[in-house]
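Read through the structure below, which is laid out as structure tokens, and then see the notes.
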Amino acid sequence: MAEPIHLTTAIFYCNGTPHVGSAYEALAADVFARCQRRRRGRAQVSFLSGTDEHGDKIRRAAIAEGLTPKAYTDKMSVLFRDAFAGLNIDLDYWVRTTDAVHEKFVQQMLLATRAQGNIEFKEYEGLYCVGCERFYTEKELLPGNLCPTHNTPVELIRESNYFLKIDRFREQVRDLIKRDQLLIRPERYKNEALNMLAEPLSDLCISRPKARMDWGIELPFDGNYVTYVWYDAFWAYVSEPASRLGLDEFMRDRWPHTEHFIGKDILKTHAVYWPAILMAAGLPLFRSLNVHGWLNFGGSRMSKSSGNVRDPVTYEQAFGPDVLRYFVMREVVYGLDGDFSEERLTDRYNADLANDLGNFTSRVLAMAQRYFNGEITQVPKLESAADATDLIGTAAHKLSACFGVDGAALDRKVIAAVDNLDFKGALETIWQTLDAANKYIVATAPFSLAKDPEKMPQVAQILANLLEALRVIADALEPFMPVTARKIFAMLKVDDATARLPYGEGLKPGHQVNPPVALFPRREKPAAA
RNA sequence: GGCGGCGUAGCUCAGUUGGUUAGAGCAUGCGGCUCAUAUCCGCAGUGUCGUAGGUUCGACUCCUACCGCCGCCA
């Protein structure tokens, strides 16, 4: 049996509504998860996401809306969960850091960490920015002791807090990253992480005095404090599954095969603090960090202040299911920043989805209907002659090569690309197959042969080959476009098991397919802004 | 200040250890087909490969400087 694997998105801080950027991360992880499920079986994959709901910013956002923090996060968390559900992100766990199970688990980890002697209580004094909710060193500040992000004066605060002695784990973490035991990819981020671990780390503050901020999890060993929100949120990756499966079992079987999907902005916390936090609690580490870039909008950073935040659900409703999924996976190189705009979305939609995928589906099913009333009368079999010199032989061979001698080559290539986080490459491979299939139609011209009754067996063979190609293409597409794949399977009238078979083993003579239904009607481009 | 990345066709980008006429997709133009969602197929391009030097028989590919953009660390 394949080893179990645990996949996570970051835990989203829910002081604002979900936008296309947060959706992008969850979409990449979802495509990855679906590929893993195909390989390992559903039970062997746990895919987790959720909302980070403590801390001062949440508390203040709640006050601004006249709600209690809990009521506010109840509302916000559902917004995220529903947005992801609307994008067909198929989660096994939806964790909220205000869930009782989670809070209890964090307290358990705090006790374990303290028992290992990795927590220190000490008094210190520092320059604090209320807006940032953090302390600054003098050289980080702007002239006049102003906060670099808020441009407001910082306050000198003296207080006592609990600290994690993280530097004692630094060498070990650095070594693991260097040897790819803790894999950080793409590689550029591995180098950045190693850089961050080159200098000694100062103790990590993990508490906040309730007197200053009480919206958090109470420390089990000191009722005057709550945990600092960052520390609390990391454990969302672990709390619910560990509680459900048993901590020891989860840590032994599944946790070491964990892949975190995160944005580049939280690389430091995940490459430096999180491993140290786990070690300080006496727990094993996860396997890898899959770091993505930002999704910009029309060339500039998507942010609430610039007012160009885009709601993913809007696009899902306007363009139809799977379109946003397709766009971000096809357009963005994982790890690098990408650009999102309605114009580019429309271009991709028309060129790739309407013209290529949609039209191919339509023409093949229409011919099957027109010439044979939807019945398949031949066994799909592409003549594969590498030495073919004529147009038909060459086209047949090229299409056949996409599926390989065992009929499973497309699936293999897609899975390999996704393993490598090359979502774009995976889709390009599928589209090359679509391209080869369109060329095969032109080369064989079944619509011309059909004018001669004696050539109908040939036409039947060509259509059987094409319908089978459509089936395999839809199957390869399923992790990326689950709704579309299901629509195609419905038109082809194949069940789930048949849908997954290699080329040549799926559709059989006597099988009846449905007439086409347009998958992606062409769209007018938005008026130039 | 330290480290690193990027700058290739109108747009988005590929270009492997330096080697024949620098590639793909989209957009553009022309031709073909008509099964199909005015779709599909073929052909045609266009580029001083950021700038200036250097190494080499030969550099987009290596070295140096500079210009521009960006990231991380401090």
Side-chain angles (χ1 to χ4, degrees), chain A residues 136-141 148 184 186-202 263-269 271-272 291-294 296 298-301 320 327 330-333 335-341 343-372 374 391-392 394-395 398-399 422 424-425 427-432 434-451 459-460 462-463 466-467 470 491 515-525 528:
Chain A
Y136 281 100
T137 57
E138 279 183 46
K139 49 184 176 176
E140 286 176 307
L141 295 171
I184 300 180
E187 189 152 21
R188 51 192 325 209
Y189 296 113
K190 169 183 170 179
N191 297 330
E192 284 189 10
L194 288 172
N195 220 349
M196 295 165 185
L197 288 157
E199 302 288 326
L201 302 168
S202 42
K264 63 181 184 179
D265 51 324
I266 53 175
L267 174 64
K268 183 172 190 176
T269 53
V272 178
V291 187
H292 64 79
W294 281 318
N296 296 321
S300 55
R301 178 86 200 273
F327 179 84
R330 172 64 192 252
E331 189 88 354
V332 181
V333 177
L336 302 180
D337 291 356
D339 196 41
F340 175 89
S341 72
E343 190 185 355
R344 294 175 69 136
L345 181 63
T346 305
D347 282 345
R348 279 284 178 204
Y349 177 93
N350 283 334
D352 300 352
L353 299 180
N355 295 353
D356 292 342
L357 180 61
N359 182 59
F360 174 73
T361 303
S362 177
R363 67 197 304 209
V364 170
L365 286 165
M367 283 192 277
Q369 203 60 39
R370 176 190 285 229
Y371 302 132
F372 300 98
L391 204 61
I392 296 176
T394 309
K398 278 190 180 153
L399 180 55
D422 184 11
K424 182 187 171 86
L427 286 170
E428 279 168 359
T429 302
I430 295 172
W431 255 255
Q432 280 163 14
L434 220 34
D435 196 49
N438 267 325
K439 287 178 168 67
Y440 177 75
I441 296 179
V442 172
T444 55
F447 42 84
S448 299
L449 298 176
K451 289 171 185 161
V459 177
I462 291 164
L463 286 178
L466 286 166
L467 289 163
L470 176 61
M491 287 186 236
V517 178
L519 290 170
F520 304 102
R522 275 187 71 86
R523 293 178 63 94
E524 291 307 309
K525 287 187 72 163

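Just so it is clear: chains get the letters A, B, ... in the order the sequence lines come, proteins before strands, and each one is counted from 1.
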- Query: What does nucleotides 28-42 of chain B look like as a protein-contact string, B for base, S for sugar-phosphate only, - for none, at under 4.0 angstrom between heavy atoms?
  - Reply: -----SSBBB-SSSS
How far does [atom1] of [X] sit from [atom2] of [Y], to the nearest 0.5 angstrom?
| X | Y | atom1 | atom2 | result |
| --- | --- | --- | --- | --- |
| A/L357 | A/W431 | CG | CH2 | 5.0 Å |
| A/L345 | A/R523 | CG | CZ | 8.0 Å |
| A/K268 | A/N195 | NZ | CG | 10.5 Å |

Between [atom2] on [N] and [atom1] on [X], what's the gap in Å once rounded to a whole number?
| X | N | atom1 | atom2 | result |
| --- | --- | --- | --- | --- |
| A/L267 | B/rG4 | CG | C1' | 14 Å |
| A/K268 | B/rC72 | NZ | C1' | 10 Å |
| A/Y349 | B/rA27 | OH | P | 15 Å |
| A/E192 | B/rC73 | CD | P | 7 Å |
| A/W294 | B/rG71 | CH2 | C1' | 9 Å |
| A/K190 | B/rC72 | NZ | C1' | 17 Å |
| A/D352 | B/rG25 | CG | P | 12 Å |
| A/E187 | B/rC72 | CD | C1' | 16 Å |

- Dot-bracket, RNA chain B: Watson-Crick or G-U, under 3.5 angstrom, [ ] crossing, | other strand? (((((((..((((.....[...)))).(((((.......))))).....(((((..]....)))))))))))).
For nucleotides [N] and [M], find the distance between their [atom1] atoms and express it as a whole number of Å.
| N | M | atom1 | value |
| --- | --- | --- | --- |
| B/rU64 | B/rG5 | P | 12 Å |
| B/rA9 | B/rU48 | P | 7 Å |
| B/rG19 | B/rU56 | C1' | 12 Å |
| B/rG15 | B/rA22 | C1' | 8 Å |
| B/rC11 | B/rC3 | P | 33 Å |
| B/rU21 | B/rG58 | P | 15 Å |
| B/rG23 | B/rU61 | C1' | 15 Å |
| B/rC40 | B/rU34 | C1' | 9 Å |

- Would you check, one step at a time, whether the test side-chain contact (heavy atoms from CB on, under 4.5 Å) holds for A/Y349 with A/F327? CA-CA 8 Å; A/Y349 177 93; A/F327 179 84; over 6 Å; no
- Quick one: which residue pairs count as a salt bridge (charged side-chain N to carboxylate O under 4.0 Å, His left out) with a foot in residues 351-372 of chain A, not counting sequence neighbours? A/R330-A/D352, A/R348-A/D352
- Message: Does A/I184 form a side-chain contact (heavy atoms from CB on, under 4.5 Å) with A/L194? I'd like the steps, not just the answer.
- Response: CA-CA 10 Å; A/I184 300 180; A/L194 288 172; over 6 Å; no
- Which heavy atom of A/P515 sits nearest a heavy atom of A/M491, and at what distance? O-CG, 4.3 Å
- Message: I need the minimum non-hydrogen distance between A/R188 and A/G335, along with the two atoms involved.
- Response: NH1-O, 3.9 Å
- With side-chain contact (heavy atoms from CB on, under 4.5 Å) as the test, would you mind laying out the steps for A/V332 and A/H292 before giving the verdict? CA-CA 10 Å; A/V332 181; A/H292 64 79; over 6 Å; no
- In terms of heavy-atom contacts, does NZ of A/K264 have more than 12 from other residues, nucleotides or ligands at under 6.0 Å? yes
